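Whatever order the structure lists ligands and atoms in, that order sets their numbers, starting from 1. Fair warning: this is a prediction, and the values are worked out from it, not measured in the lab.
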Amino acid sequence: MSKTLALTEELIALSSVTPEDKGCQSRLIELLEPLGFVCETIESDGVTNLWARKGTAQPLLVFAGHTDVVPTGPLEQWTSPPFVPTQRDGKLYGRGAADMKTSIAAMVVAAEEFVQAHPDHKGSIGFLITSDEEGPATDGTVIVCDALKARGEQLDYCVVGEPTSSDVLGDTIKNGRRGSMSGKLTVKGIQGHIAYPQLARNPIHQCAPALAELVAEKWDDGNEYYLPTSWQVSNIHGGAGASNVIPGNVVIDFNFRFCTASTVEGLQKRVHAILDKHGLEYDLQWSISGHPFLTPKGALSDAMSDAIKSETGVTTELSTTGGTSDGRFIARICPQVVEFGPPNGSIHKIDEHIEVRFIDPLKNIYRRTMENLLL
Ligand SMILES: [Zn+2]
């Protein structure tokens with residue numbers, strides 16, 4: 001049996017629903033220490049993180065990922081139990097099979113093969129593993145990055161093992177992610193009897209033209225790497241529940257997915273300008289869950305694209321679509337960050353799986369990336 005497949009199955013069997021690690025990282029330490037990695041567990045508020053490094057020279061190539069998985073959803077809907085790795089029809093089923101225990105296993109086995117074949121390789125290899133990616137992400141990668149920064153550890157390249165491929169292994173690398181910024185807008189009116197509108201002020205009526213303008217606004221054109229910034233309403237709540245009451249206020253939740261063509265300050269200013277133009281009485285609370293990051297085409301993306309092409313024949317595409325990831329924290333301390341992993345069609349779903357035929361090639365792509373950068 002393939003070593004990567006065997007390790008993936010071992011990890012899936014550990015039911016590490018976020019923020020639990022359930023021993024995944026101690027298993028990785030058992031494998032990494034004999035290879036010369038110095039392993040350090042960094043705990044924070046019930047979250048277990050692992051920082052492992054082999055070597056002291058630069059460049060430092062880091063492999064990053066998470067051992068936690070999202071909850072299973074209704075167990076009876078799974079064809080086989082989510083924490084019993086099960087192969088059917090050429091696929092390996094289990095929670096975390098795609099997001100992202102196969103990537104973790106592939107990275108570790110790739111490091112083992114690389115170190116054994118090239119004990120005198122240049123530079124260093126690191127692992128940054130957390131059990132808090134699928135949850136609030138406040139005690140995981142961000143904590144380790146802060147600790148590394150404080151001690152002056154210089155990262156040169158980082159590969160995050162998120163499932164980025166879409167149809168076949170290797171078709172997509174993420175070289176950046178959009179930022180995410182939310183707003184909670186409360187538009188104030190005057191509550192009253194619906195039969196006496198002259199004595200009230202309807203905040204739903206008042207905010208409607210402003211919302212229409214926000215929806216129609218073109219925030220930017222995107223750029224070479226990014227789609228244009230988008231603005232979306234996620235919730236609107238107004239009304240007392242009665243059909244004869246004009247509500248006193250309406251609350252609107254919205255979110256920007258923004259690219260590097262816009263700035264936080266610029267977007268906030270433009271939203272306020274539109275609300276002010278419509279003469280609304282309002283309160284607006286902003287929260288930023290991630291700034292955009294971008295790794296332009298360069299040494300790391302070239303090393304990875306070349307590894308993919310040599311291993312699979314697939315010509316890979318650089319993409320910045322999708323949600324936020326821990327790459328946003330690593331990008332603050334590492335100039336080149338890319339994400340690459342298996343197809344993501346089944347992630348977070350019932351019957352999550354990976355095609356078994358992709359498992360060893362994934363490991364080989366990570367190993368070839370090490371060869372391209374550290375030999
Ligand atoms: Zn993930």
Strictly under 2.8 Å, is the Zn ion (ligand 1) approached by any N, O or S atom of Glu133?
no
Mind jotting down which residue pairs meet the side chain to side chain donor-acceptor pair (under 3.5 Å) criterion with at least one end in residues 292-301? Sequence neighbours excluded, please.
Lys297-Asp302
Assess whether a salt bridge exists between Glu113 and Arg367, defined as any Lys/Arg side-chain N lying under 4.0 Å from an Asp/Glu carboxylate O.
yes
Closest N/O/S atom of Glu162 to the Zn ion (ligand 1), by atom name?
OE1
Between side-chain atoms of residues 214-222 and protein atoms elsewhere (two or more places apart, or another chain), which donor-acceptor pairs fall under 3.5 Å?
{"unit_1": "Glu217", "atom_1": "OE2", "unit_2": "Arg270", "atom_2": "NH2", "d": "3.0"}
{"unit_1": "Lys218", "atom_1": "NZ", "unit_2": "Asp221", "atom_2": "OD1", "d": "2.8"}
{"unit_1": "Asp220", "atom_1": "OD1", "unit_2": "Gly222", "atom_2": "N", "d": "3.0"}
{"unit_1": "Asp220", "atom_1": "OD1", "unit_2": "Thr229", "atom_2": "N", "d": "2.9"}
{"unit_1": "Asp220", "atom_1": "OD2", "unit_2": "Thr229", "atom_2": "OG1", "d": "2.6"}
{"unit_1": "Asp220", "atom_1": "OD2", "unit_2": "Ser262", "atom_2": "OG", "d": "2.5"}

For residues Leu362 and Ser103, determine if any side-chain heavy atom of one lies less than 4.5 Å from a side-chain heavy atom of the other.
yes
Give, rounded to 10 degrees, the angle between NE2 (His66) and OD1 (Asp99) as seen from the Zn ion (ligand 1).
100°
